[in-house]
Amino acid sequence: MPISEGQNVLVIADNNLGKRKLYLFKVSSKQSYSTFLGNIQGKDILDRNFGESIQLGKGRIYLIEPNLYDIIMYELKRKSQVIYPKDSGYIVSISGIRNGMKVLEAGIGSGFLTIEISRHICPNGKLYAYEIRQDMIEIAKKNLEKTNFTNCVIINNQDVREGVNEKDFDAAFLDMADPWNALNKIHDSLKISSPVIVFVPTVNQIEKLLSNVDINKYVIQEISELIKREWEPRKEAIRPTIRAIGHTGFIILLRTLKAI
Ligand SMILES: C[S@@+](CC[C@H](N)C(=O)[O-])C[C@H]1O[C@@H](n2cnc3c(N)ncnc32)[C@H](O)[C@@H]1O
């Protein structure tokens with residue numbers, strides 16, 4: 001089907017020497033779009049099909065139908081630090097969540113992790129997301145709408161450190177400044193053995209968590225950090241990219257114990 005007015009298109013621009021850049025354009029016949037190869041008019045993209053390419057400057061641009069990964073990386077708004085697929089993919093994997101499960105999240109931030117969780121528990125599951133900032137809730141809601149995951153997410157404008165209203169969670173995800181202050185409060189709402197995954201950007205926070213966790217309520221299963229290194233596929237110089245994301249955060253997996 002031809003690309004239509006207002007549709008999102010992932011444009012991969014490639015100079016045929018291995019330099020490439022990615023863009024996500026909402027295509028309009030009235031707009032011009034700039035790439036490192038030069039400008040392209042919206043009307044020259046419209047009526048083409050996904051999978052086609054167009055000669056532009058000394059290279060080509062490839063027209064790709066965006067998937068959820070592309071939308072997360074190139075379209076969604078960010079007002080907070082967010083958890084990107086590098087970490088969120090692993091986080092949901094170690095949580096063991098699946099369709100139908102009941103899950104807790106705090107805070108929702110820009111909703112990036114919320115979307116990754118929803119992808120696994122929807123349409124039959126429910127995600128209860130706690131967030132203290134109304135402005136963050138607005139951003140997260142917009143991002144959830146763009147990815148069609150609003151139906152199974154219930155957002156509470158509440159401080160998770162005051163406890164949660166629901167019971168029998170299959171998993172919990174904490175991405176907030178002081179997660180150790182939430183652990184005791186949420187314990188009785190979690191099923192025994194359920195995973196609690198904490199994401200923190202600094203070692204100081206890991207230390208604080210370790211010294212504050214109640215060993216009668218939780219056991220630490222794993223602490224990890226994921227490092228992703230991208231490579232440039234230049235014909236005569238295949239090598240890691242010179243600029244890379246240096247650090248995101250640490251992932252701590254705890255399991256819930258039957259409180260003594
Ligand atoms: C780093 S952001 C979360 C980003 C989110 N994981 C994402 O991927 O977009 C942290 C959020 O936690 C919220 N927060 C901090 N303390 C909280 C608390 N006690 N209860 C609920 N939300 C809290 C903040 O307002 C902020 O929006």
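Every number for a ligand or one of its atoms is a count from 1 in the order of the listing.
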Side-chain donor-acceptor pairs of residues 147-154 under 3.5 Å, sequence neighbours excluded:
| unit_1 | atom_1 | unit_2 | atom_2 | d |
| --- | --- | --- | --- | --- |
| Thr147 | OG1 | Asn143 | O | 3.1 |
| Thr147 | OG1 | Leu144 | O | 3.1 |

Ionic contact status for Lys185 with Glu162, cut-off 4.0 Å: no
Do the side chains of Lys228 and Glu230 get close enough for a salt bridge, i.e. N-O under 4.0 angstrom? yes
Collect the protein residues that have a non-hydrogen atom under 4.0 Å from ligand 1 and hand them over in chain and number order. Ser80, Gln81, Val82, Ile83, Gly107, Ile108, Gly109, Ser110, Gly111, Phe112, Leu113, Tyr130, Glu131, Ile132, Arg133, Met136, Gln158, Asp159, Val160, Arg161, Asp175, Met176
Hydrogens and angles aside, do Gln41 and Asp44 bring a side-chain donor and acceptor to less than 3.5 Å of each other? no
Does the side chain of Glu5 pick up a donor-acceptor pair with the side chain of Ser29 at under 3.5 Å? yes
Around atom CZ of Arg78, are there more than 12 heavy atoms of other residues, nucleotides or ligands at under 6.0 Å? yes
